[in-house]
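Below you'll find the structure, written out as structure tokens, and then a few comments.
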Amino acid sequence: MPQPIRATDGKGWLDLGPRDIWRDRENPDILTPPPTDGGTVANLKYSFSDSHQRLQPGGWAREVTNRDLPSSQDVAGVNMALEPGAYRELHWHKEAEWGLMLTGNVRVTSVDESGRYFIDDLVAGDLWNFEAGLPHSIQALDQGCEFLLVFSEPDFSENNTFLLSDWFMHTPQDVVAANFRKTEAEISQFPQEELYIFKANVPGPIADVERPTPAGKVPSPFSFHMEDAPVIESEAGRVRIVDVNNFPAAKTISAAFIEIEPGGMRELHWHPKAAEWQYYIQGTAKMTVFLSGGVARTFDFHAGDVGIVPLVAGHYVQNTGDEKLIFVEIFKHPEYSDISARKWLASNPVQVVADHLLSTDAFVESLPLDDEPAPVIWYDQSKIHG
């Protein structure tokens, strides 16, 4: 039975009243904050498990927006799953959409303003990106699929997208018929209610079903296969960065995919160009966010959680479990960037750093200095020396 009593200084007392013991066990650093926490920090965590689940024939969807997590001021997220063959219906929206495949396989289609078409099949780890206004569809293949969608506005809602079925239902039928050179009788079978997610048959291979347009294919694919992402190998894990430099179609959103081995941590750092929106895929983690002025707060995360790091706030992410931690850092900015505390101090003269740390030149010279980027380091000292 965890209690809000801090072992290091004895502060706190028993919680004898009503409590949600499961929440307390999942959030030990909220129940008993480290003594370095201070001040008032808004909630920076929300779980998709607390979101309303929209159930449809063939799938489901749930979202985390700034209505659920007010500290998310740049983007919103949607988690969705489709059974084999099911569609997320043809649609478009005024926000850019960035998608990450979590499980299974899927087919995505689109067309750009010049009439150039796009079609691709994706598997777990792959990405797609549709800038604002570009119409698209998502269809599960033989394995079914689950994916994460990130949108470029914090108040986005999946319930307010521009759907093909909804549009045609709210346009005079004589106009719809005339548009396609048909009679009203010939279009009478068109949907009479919103489809959104619906069942269908698994499609055949792309080579059998694609319909080339006179304008041809889009010059820059709207998808990215994770096997093409360069890997930054670090002592305690690895990082893959995907932004406009290697995924030119993603002009609004960039991301870093982080893997941290047990005993490791994402080093102390901050992001100078955009706030960070996190999605945890596997494992458990702890993060302290520092907001200046003596203000800091620590949070615990599990798979399916969303985390927020405000613009330029200092933070780290520690693997607190016994399995690999996997999460993604997402930014409303075309280029990824960060500033490392270790790089920062290593770029200053020894005396400057020694004076600020109230230490000796010898101590500063002993601090680690990596020739290559090392964003994932060991927290467990035994692994450093062993």
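In this chain, numbering begins with 1 at the start of the sequence shown.
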Least distance between heavy atoms, [X] atom then [Y] atom:
X	Y	answer
Y196	A61	OH-CB, 3.5 Å
A296	V41	C-CG2, 3.8 Å
W128	E97	NE1-OE2, 2.8 Å
P135	W92	CA-CB, 3.8 Å
E194	S165	CA-OG, 3.5 Å
V231	R240	CG2-NE, 3.5 Å

(request) Look at the side-chain heavy atoms of Ile, Leu, Val, Met, Phe, Trp and Tyr, link any pair under 4.5 Å apart, and say whether L100 and F118 land in one connected group. (result) no
(request) Look at the side-chain heavy atoms of Ile, Leu, Val, Met, Phe, Trp and Tyr, link any pair under 4.5 Å apart, and say whether F301 and I260 land in one connected group. (result) yes
Do [X] and [Y] have side chains that approach each other closer than 4.5 Å (heavy atoms only, starting at C-beta)?
X	Y	result
F247	S254	no
Q56	M80	no
E184	D174	yes
V150	W277	yes
V108	Q139	no

(request) Test F290 against H315 for ring-ring contact (aromatic ring centres under 6.0 Å, His included), laying out the working first. (result) CA-CA 6 Å; F290 168 64; H315 60 289; over 10 Å; no
Check whether any side-chain N or O of [X] sits under 3.5 Å from a backbone N or O of [Y] as a donor-acceptor pair, and report yes or no.
X	Y	value
D24	E26	no
D166	L163	no
N27	I30	no
E259	F327	no
Q173	F168	yes
S51	E63	yes
D112	G115	yes
N319	A285	no
H302	D300	no
H91	E89	yes

When rounded to the nearest 0.5 angstrom, what is the spacing between [atom1] in [X] and [atom2] in [Y]?
X	Y	atom1	atom2	value
Q278	L44	CD	CG	9.0 Å
I138	I197	CD1	CD1	9.0 Å
T320	L325	OG1	CG	7.5 Å
M265	D380	CE	CG	12.0 Å
E276	L311	CD	CG	11.5 Å
H93	E153	NE2	CD	12.0 Å

For [X], does the [atom1] atom sit with more than 12 other heavy atoms under 6.0 Å from it, leaving out its own atoms?
X	atom1	value
D322	CG	no
Y336	OH	yes
Q351	CD	no
E193	CD	no

Does a donor on one side chain sit under 3.5 Å from an acceptor on the other, for [X] and [Y]?
X	Y	result
D155	T65	no
Q3	D15	no
E95	S152	no
N66	Q73	no
R297	N43	no
N105	D142	yes
Y280	Q282	no
T109	Y117	no

(request) Over 60° means perpendicular and under 30° means parallel, so classify the ring planes of H136 and F130, tilted if in between. (result) parallel
(message) side-chain hydrogen bond (donor to acceptor under 3.5 Å, both in side chains), that's the test. Do H225 and D126 meet it? Break it down for me.
(response) CA-CA 5 Å; H225 295 266; D126 292 343; 3.1 Å; yes
Salt-bridge criterion met for [X] and [Y] (N-O under 4.0 Å):
X	Y	value
K11	D37	no
E267	R342	yes
R266	D338	yes

(request) In sequence, state the C-alpha distance, the side-chain angles, and the governing distance for K251 and E131, and then conclude on salt bridge (charged side-chain N to carboxylate O under 4.0 Å, His left out). (result) CA-CA 7 Å; K251 299 179 176 64; E131 288 299 305; over 6 Å; no
(request) Test side-chain hydrogen bond (donor to acceptor under 3.5 Å, both in side chains) on R88 and T161 and set out the steps. (result) CA-CA 11 Å; R88 170 63 171 92; T161 54; 3.0 Å; yes
(message) Before you tell me yes or no, could you show the steps for F299 and K286 under side chain to side chain contact (heavy atoms under 4.5 Å, CB included), namely the whole-Å CA-CA distance, both residues' side-chain angles and the distance that decides it to 0.1 Å?
(response) CA-CA 6 Å; F299 296 86; K286 175 170 73 172; over 6 Å; no
(message) Between F147 and T103, does the side chain to side chain contact (heavy atoms under 4.5 Å, CB included) criterion hold? Intermediate values first, please.
(response) CA-CA 7 Å; F147 47 88; T103 61; over 6 Å; no
(request) Identify whether NZ of Lys or CZ of Arg in R107 sits under 6.0 Å from the centre of the six-membered ring of Y87 and within 45° of that ring's axis. (result) no
